[in-house]
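Worksheet for the structure shown next.
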Amino acid sequence: MEENLNLFTSTQDIIKEALEKLGFNDEMYELLKEPLRVLTVRIPIRMDDGTVKVFQGYRSQHNDAVGPTKGGVRFHPEVNEDEVKALSMWMTLKCGIVGLPYGGGKGGIVCDPRTMSMNEIERLSRGYVRAISQIVGPTKDIPAPDVYTNSQIMAWMMDEYSRLRENDSPGFITGKPIVLGGSEGREKATAQGVTICIEEAAKKKGINLNGARVVIQGFGNAGSYLAKFLHDYGAKVIGISDAYGALHDPDGLDIDYLLDRRDSFGTVTTLFENKITNKELLELECDILVPAAISNQITADNAHNIKASIIVEAANGPTTMEATKILNDNGVLLVPDVLASAGGVTVSYFEWVQNNQGYYWSEEEVNDKLRTKLVASFNNVYKTAETRHVNMRLAAYMVGLRNAAEASKFRGWV
Ligand SMILES: NC(=O)C1=CN([C@@H]2O[C@H](COP(=O)(O)OP(=O)(O)OC[C@H]3O[C@@H](n4cnc5c(N)ncnc54)[C@H](O)[C@@H]3O)[C@@H](O)[C@H]2O)C=CC1
Ligand SMILES: O=C(O)CCC(=O)C(=O)O
């Protein structure tokens, strides 16, 4: 039988299983199996050469029973409606796992910003906000950065929203530059969260991080800061990659040099001739593997060849459900995306709280709060997996869905 690579339908399957295990009825599944709202927009943009190009965009809001929806915006050529829907469902799970007062949202535009000028990217970012402005806002749905979007794009989006509303609205979006109400620590937050999960997983597996061999797929916001943190920790980062290939050195790569040479899209391997493929990277002999790029990278085809004993998913959806089962049967400790990558949205929440109160915290304060939340969340999911005899992914879904399901019930929706 063909493996299911559709992120949306495979997420529905595991939501069903988790709700059954939690004792919720079919009506709750009917509610949570689809986003409450998906807006599809067409965004006409005048390109630098004078022609008009019409871009396809999406904003999906999975469930807003707990509070406003929250989640990033992705600019990528492969964005599609099912992917955005799945990503918004995963945001509900992340917020539930960490205990944030949000439901899940996510957005995306089908485009390749690597081939666009800064002016074109700015016009597209502003056009997107105009197109979705009716359904977003600081108490409705709060966007943030994701693949190929960054703090500059968040700044343009915040400026456009503030102009539309004739109100300065820093709480409309997170991941902003510090000077516009961004939070200390947000830029590094996803990687901080992944590092905390790696520390906790290594304790469970009895692996000493000092000297541990680590492979990271993706060298963007999540992957590059993670490489730096682990390198500084004393771990040996022996492999990294980007969209164009991968670098491998069994003695450890020079991470500071690579960080210095990477571009704003997380590309660095184009500077080197001696490369391996992303596929080969995933199968390298190592202790810890961190997919930190795109989805469907570990599938039934390559799961048996993975050598790592710990996989921590910084990316959203890098491992299929079939591969999860294979890895689990092989004794790999897999820390799922909805837990491992929740550091970003956690500090986005801190940013929104700071915007709402108009009082800002130090980086140390942000990092302490993040650590407290993520250590507790990791151990909650780990304990659920042990006591309910389920794998870490199903345990994370059980923990993550509970708040949305209970809030929907209290509101009388189900
Ligand atoms: N930025 C954030 O706060 C968060 C990001 N994530 C997830 O982490 C992952 C990476 O996101 P960011 O680092 O923010 O993105 P980014 O845009 O900063 O970097 C993306 C990286 O992935 C690489 N990449 C792109 N296509 C690839 C391909 N086909 N094969 C291999 N590598 C490829 C790029 O070259 C780049 O190094 C995504 O799955 C994202 O959804 C999850 C939670 C929060
Ligand atoms: O920071 C946020 O609000 C959302 C980050 C995000 O899109 C994600 O965790 O996938």
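Positions are given from 1 along the sequence. All values derive from a computational prediction rather than experimental measurement.
Counting only distance, with no hydrogens or angles, the side chain of D287 and the backbone of A308 share no donor-acceptor pair below 3.5 Å. At distances below 3.5 Å, not a single donor-acceptor pair connects side-chain atoms of S183 with backbone N or O atoms of R186. Checked by atom type and distance alone, the side chain of Q217 never pairs as donor or acceptor with a backbone atom of A292 at under 3.5 Å. Remark: side-chain polar atoms of E313 are not paired, donor with acceptor, to backbone N or O of A315 under 3.5 angstrom. Judged by distance alone, with hydrogens and angles left aside, the side-chain atoms of Y161 form no donor-acceptor pair with the main-chain N or O of P138 at under 3.5 Å. No donor-acceptor pair closer than 3.5 Å links the side chain of S162 to the backbone N or O of D168. Between the side chain of D64 and the backbone N or O of G67 there is no donor-acceptor pair closer than 3.5 Å. Side chain of E120 to backbone of S117: a donor-acceptor contact under 3.5 angstrom is found. A donor-acceptor pair under 3.5 Å is formed between the side chain of S10 and the backbone N or O of N6.
Taking CD from E160 and OG from S169, the interatomic distance works out to 12.0 Å, rounded to the nearest 0.5 Å. One distance of note links CD1 of I135 with OG1 of T69; it measures 7.5 Å at 0.5 Å rounding. Between the CZ atom in F75 and the CG atom in D112 there is a gap of 11.5 Å [rounded to 0.5 Å]. One distance of note links CG of D13 with CZ of F8; it measures 10.5 Å at 0.5 Å rounding. Between F378 atom CZ and L374 atom CG the span is 10.5 Å, to the nearest 0.5 Å. Atom CD1 of I132 and atom NZ of K140 lie 11.0 Å apart (nearest 0.5 Å).
Here R371 pairs with E199 in a salt bridge; the nearest charged N to carboxylate O distance falls below 4.0 Å. One finds a salt bridge joining R126 and D159 here, because a Lys/Arg side-chain nitrogen approaches an Asp/Glu carboxylate oxygen to under 4.0 Å. Taking 4.0 Å as the cut-off between side-chain N and carboxylate O, K236 and D251 do not count as a salt-bridged pair. Ionic pairing of E166 and R163 is not present here: no N-O contact between side-chain nitrogen and carboxylate oxygen is shorter than 4.0 angstrom. Salt bridge absent: K307 and E283 never bring a charged side-chain N and a carboxylate O closer than 4.0 Å. Ion pairing between a basic and an acidic side chain is recognised when a charged N comes within 4.0 Å of a carboxylate O; R74 and E83 show such pairing. Under 4.0 Å is where a charged nitrogen must lie from a carboxylate oxygen, and between D141 and K70 no such pair does. A salt bridge links D337 to R393: at least one charged side-chain nitrogen sits closer than 4.0 Å to a carboxylate oxygen.
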Listed pairs under 3.5 Å, donor-acceptor, residues 326-334 side chains, sequence neighbours left out:
residue : atom : partner : partner atom : Å
D329    : OD2  : K325    : NZ           : 3.2

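Residue A314 comes nearest to V290 through the heavy atom pair CB-CG1, 3.8 Å, listed as atom of the first residue, atom of the second, then distance. A pairwise comparison of heavy atoms in K21 and R388 identifies O-NH2, 2.8 Å as the closest pair. Heavy-atom minimum distance, A405 versus L19: CB-CD2, 4.4 Å. Closest approach of V347 and E184 over heavy atoms only: CG1-O, 4.1 Å. Nearest heavy atoms, N403 versus G96: ND2-O, 3.9 Å. Closest approach of V84 to S60, counting heavy atoms only: CG1-CB, 3.8 Å.
Geometric assessment of K369 against the ring of W361 yields a positive cation-pi assignment under the 6.0 Å and 45° thresholds.
Using a 30° and 60° split on the angle between ring planes, Y349 and W352 fall in the tilted class, from 30° to 60°. Ring planes of Y148 and H76: parallel class, angle under 30° (limits at 30 and 60°).
Around atom CG of D49, more than 12 heavy atoms belonging to other residues, nucleotides or ligands sit under 6.0 Å away. Atom CE of M47 is surrounded by more than 12 heavy atoms from other residues, nucleotides or ligands within 6.0 Å. Residue E364 qualifies as open at atom CD: its count of foreign heavy atoms under 6.0 Å is 12 or below.
Between I198 and I288, the closest side-chain pair of non-hydrogen atoms falls below 4.5 Å. No side-chain heavy atom of H248 sits under 4.5 Å from any side-chain heavy atom of L281.
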- Taking it one step at a time, do K373 and D368 satisfy salt bridge (charged side-chain N to carboxylate O under 4.0 Å, His left out)? CA-CA 9 Å; K373 277 197 175 290; D368 284 351; over 6 Å; no

Next on the checklist: Using the rule given for salt bridge (charged side-chain N to carboxylate O under 4.0 Å, His left out), can you reason through D242 versus R262, listing the C-alpha separation, both sets of side-chain angles and the distance that settles it, and then say yes or no?
Outcome noted: CA-CA 10 Å; D242 58 28; R262 71 188 267 279; over 6 Å; no

